[in-house]
Amino acid sequence: MLPSRAVVVRKLPQLPHRLWCTSAFGSGACSRLVLGIETSCDDTGAAVLDETGAILGESLHSQKEVHLRSGGIIPTVAQQLHKEHIARVVQEAMDRSGVSPRQLSAVATTVKPGLALSLGIGLKFSLEFVRHHNKPFIPIHHMEAHALTVRMLQPVAFPFLVLLISGGHSLLAVARGVSDFLLLGQTLDEAPGDTLDKVARRLSLLKHPHCSTLSGGQAIEHLAKEGDRSKFPFRTPMGQNYDCDFSFAGLRNQVTMTIMKKETEEGIEQGSLLSCVNDIAAATQHAVAAHLAKRTHRAILFCKAKGLLPACSPTLVVSGGVASNQYIRKALAIITEATGVNLLCPPAKFCTDNGVMIAWNGVERLREGTGILPHNVDVSYEPKAPLGVDITAEVKAAAIKVPSVRLKITS
Ligand code: KG4
Ligand code: ZN
C-alpha cells in the first residue's frame, strides 16, 4: 500500500495577489496577466494566466504524430511545424482568455535550452509581438519552468528538491528561488525519455495495436503493465558511482542486445514485434525507475547532510514528460516514504511541455520583479543552458552510500 501523501496533486486555493485596476475585467479587482509561449522542442504551446495562477486561456499543438512516424524529431520539420502553427496557437490562447494584447502585463517565452530551430521560432514571434504591442518581455529557462509549475498548483515554499526527467533532460537540483538553483546531478549521456523512445522504436511498438499513437515512454508504460520484469534483469546503471549523475546509454545497450538475442531466438527480423515486448517493456521501465530512485535517494541524503532542505517536511518535486509515468512515480514514492520527504508531482498535463508553465514562470518573475526586459530588447536563444550553480563535484566528493530499498511496485 502506498502512503497517502505520495503523488499529492490538488488544486489549492489561489494565492491572494490581486491588484486594483481598470483594465482587463473592467474596473475593480484584477491581477496582472501574462502570455506564455513555448516552442523549445516539438510542442507549440501558449497560455494566458493571471498572477494567481488561474489559466484564462491555453492552446497546444503537438507534433508527436509527425515525429512518431519519422522515427524521431527532425529539427527542420519541428521548425516548419512551429512556423505553421504558432500564430494560430497564440491567437487561440488569447481568444479563449478573453484578454486583448493591450491588457497583458508581459509576454514570457522559452529561450533556453532546446532545439535551436524550434526556440528561434518562438523567440522571433514573441519579439515581434512585444514590439508591436509595446509589452515587457520575460525570457524563460525551460527547466526552471518545469521545476516551478508545481507552485502554480499549490503553495510549495523554497527550498525544495526537484527531479526533472524528460526527453531531453535528467537532472536533480535544489530550487532555492525562482531563478536560484543548485545542480546536484545530471545525465552524462541521454535522458530517460529519449532512452524509452529509442527502445520503443527498436521494438517497433508503433506496429503494436495499442501503441500506434503513443510516445515511446507512454507505450513502454502501457505494455509494462502486462509484463514480467523479472524475465530480463537489466543492471541498474552507475552502481559504483556514488554521485547523483545519471546515465542511460548503457542500459539502452543492454536492452538492445537482449532484443537482438530474442529476435534470433524467435527467428524474426528487426521491425517485427517480439512475443516478449511486454516483459522487455516492464524490465526497461523498472531499470529506469530504479536508477532514478537511487540517484534521487542519494540527493535527498546529500541535502539532509548539508542542510539544503528544511528539516521539517522537506519536499521533492518531480516533473518533465517522464514524470507522468505512474510506475516511476511509485518508485520515487517508496524512496520519499523511506526518507520522510513529501513527494509532489504535477498532473501529467503539466509535466509535459506546455505554454502554461512558461506563463507561470513569467508570473513568478513578475511577482519578484526580476528578469523583465523592455519591449525593444534584443534577446538570443541558447540551445544549451545549464540550470543553476553546478555543485555536482561536491556531491561526488561526499560519496554518500545509499541503503538498499526494495522497489516492490504493483502496476
Ligand atoms: O517534457 P516533455 O514533453 O518534452 C521534453 O522536454 O522532452 O517530455 C517528452 C518525453 C518523451 O521522451 C516521452 O516518451 C516521455 O516524455 N513520456 C513518458 C511518458 N509520457 C511521456 N515517459 C514515460 N512514461 C510516460 N507515461
Ligand atoms: Zn520539457
Side-chain angles (χ1 to χ4, degrees), residues 7 36-45 60-65 67-68 71-73 75 78 82 110-115 118-119 122 140-150 162-171 186-187 190-203 205-206 210-211 213-225 227 248 251-252 281-282 284-289 291-292 317-332 345-358 360-361 383-385 387 409 411:
V7 194
I37 298 178
E38 156 66 27
T39 65
S40 69
C41 189
D42 58 345
D43 290 303
T44 317
L60 186 66
H61 176 264
S62 168
Q63 306 176 0
K64 190 174 81 179
E65 277 292 305
H67 300 306
L68 271 177
I73 298 173
H82 282 305
T110 310
V111 301
K112 60 185 176 186
L115 297 175
S118 296
L119 287 167
I140 299 293
H141 190 300
H142 183 82
M143 304 314 289
E144 278 185 23
H146 272 306
L148 298 176
T149 309
V150 70
V162 61
L163 170 67
L164 299 179
I165 39 179
S166 69
H169 299 274
S170 191
L171 63 85
Q186 61 189 328
T187 186
E190 59 196 46
D194 191 22
T195 307
L196 295 172
D197 291 341
K198 284 174 173 154
V199 167
R201 273 207 294 283
R202 183 60 186 79
L203 286 167
L205 296 187
L206 275 185
H210 296 166
C211 302
T213 60
L214 302 183
S215 70
Q218 288 170 322
I220 297 279
E221 179 172 25
H222 178 77
L223 293 178
K225 287 183 183 137
F248 294 93
L251 170 64
R252 181 157 61 82
T284 306
Q285 178 178 256
H286 180 78
V288 168
H291 185 38
L292 294 171
V317 170
V318 187
S319 196
V322 179
S324 47
N325 183 292
Q326 295 301 320
Y327 188 93
I328 290 171
R329 287 186 182 204
K330 286 176 185 172
L332 294 167
C345 307
K349 166 179 170 9
F350 295 121
C351 281
T352 48
D353 294 349
N354 59 77
V356 173
M357 69 181 197
I358 306 305
W360 173 251
N361 201 338
K384 288 199 189 316
L387 179 71
I409 302 163
S411 296

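Numbering of ligands and ligand atoms starts at 1, following listing order.
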Starting from [atom], locate the nearest protein heavy atom and write down its residue, its atom name and how far away it is, to 0.1 Å.
| atom | result |
| --- | --- |
| atom 8 (O) of ligand 1 | Gly321 CA, 3.3 Å |
| atom 24 (N) of ligand 1 | Asn325 ND2, 3.1 Å |
| atom 3 (O) of ligand 1 | Asp353 N, 3.1 Å |
| atom 9 (C) of ligand 1 | Gly167 N, 3.9 Å |

Does the side chain of [X] reach to within under 4.5 Å of the side chain of [Y], using non-hydrogen atoms?
| X | Y | answer |
| --- | --- | --- |
| Gln63 | Thr44 | yes |
| His286 | Tyr327 | yes |
| Glu65 | Thr213 | yes |
| Trp360 | Val150 | no |
| His142 | Asp353 | yes |

Which option, Ala323, Gly217, Gly114, Ala219, owns the non-hydrogen atom nearest atom 18 (C) of ligand 1?
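Nearest option to atom 18 (C) of ligand 1, by heavy atoms: Gly217.
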For atom 11 (C) of ligand 1, the option (of Leu214, Asp197, Ile165) bearing the nearest heavy atom
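Considering heavy atoms of Leu214, Asp197, Ile165, the nearest to atom 11 (C) of ligand 1 sits in Asp197.
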Does an N or O anywhere in [X] fall below 3.5 Å from an N or O of ligand 1?
| X | value |
| --- | --- |
| Thr352 | no |
| Gly320 | no |
| Asp43 | no |

For Ile358, which of His141, His146, Glu38 qualifies under side-chain contact (heavy atoms from CB on, under 4.5 Å)?
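Only one option passes, and that is Glu38.
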Sole residue of Leu163, Leu164, Ile328 in side-chain contact (heavy atoms from CB on, under 4.5 Å) with Val322
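When side-chain contact (heavy atoms from CB on, under 4.5 Å) is applied between Val322 and each of Leu163, Leu164, Ile328, only Ile328 qualifies.
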Judged by atom type as modelled, is there a donor-acceptor pair below 3.5 Å linking the side chain of [X] to the main-chain atoms of [Y]?
| X | Y | value |
| --- | --- | --- |
| Thr39 | Gly122 | yes |
| Arg252 | Thr195 | no |
| Asp43 | Cys41 | no |

State the atoms of ligand 1, each with its element, that fall below the 4.0 Å cut-off from a heavy-atom position in [X].
| X | value |
| --- | --- |
| Gly168 | 7 (O) |
| Leu196 | 22 (N), 23 (C) |
| Glu221 | 24 (N), 25 (C), 26 (N) |
| Ser166 | 1 (O), 5 (C), 6 (O), 7 (O), 8 (O) |
| His146 | 1 (O) |
| Gly193 | 12 (O) |

Is any NZ, NE, NH1 or NH2 atom of the basic residue among Asp194 and Lys198 found under 4.0 Å from an Asp or Glu carboxylate oxygen of the other?
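Salt bridge flag = yes for Lys198 with Asp194.
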For ligand 1, is any non-hydrogen atom under 4.0 Å from Ile220's backbone (N, CA, C, O), its side chain (CB onward), both, or neither?
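Ile220 to ligand 1: no contact under 4.0 Å from either part.
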Please work out whether any backbone atom (N, CA, C, O) or any side-chain heavy atom from C-beta onward of His142 is under 4.0 Å from ligand 1, and answer side chain, backbone, both or neither.
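For His142, the contact with ligand 1 is made by the side chain alone.
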When you measure from the heavy atoms of Ser324 to every atom of ligand 1, does any distance fall below 4.0 Å?
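Within the 4.0 Å threshold, so yes.
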How far apart are the closest heavy atoms of [X] and [Y], and which atoms are they?
| X | Y | result |
| --- | --- | --- |
| Ser319 | Pro346 | OG-CG, 4.0 Å |
| Leu60 | Gly45 | CD1-CA, 3.7 Å |
| Ala385 | Pro113 | N-CB, 3.7 Å |

Go through Lys64 and Gln218 one step at a time and tell me if the side-chain contact (heavy atoms from CB on, under 4.5 Å) criterion holds.
CA-CA 12 Å; Lys64 190 174 81 179; Gln218 288 170 322; 3.1 Å; yes
Number of protein N/O/S atoms less than 2.8 Å from the Zn ion (ligand 2)?
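The number of such protein atoms is 3.
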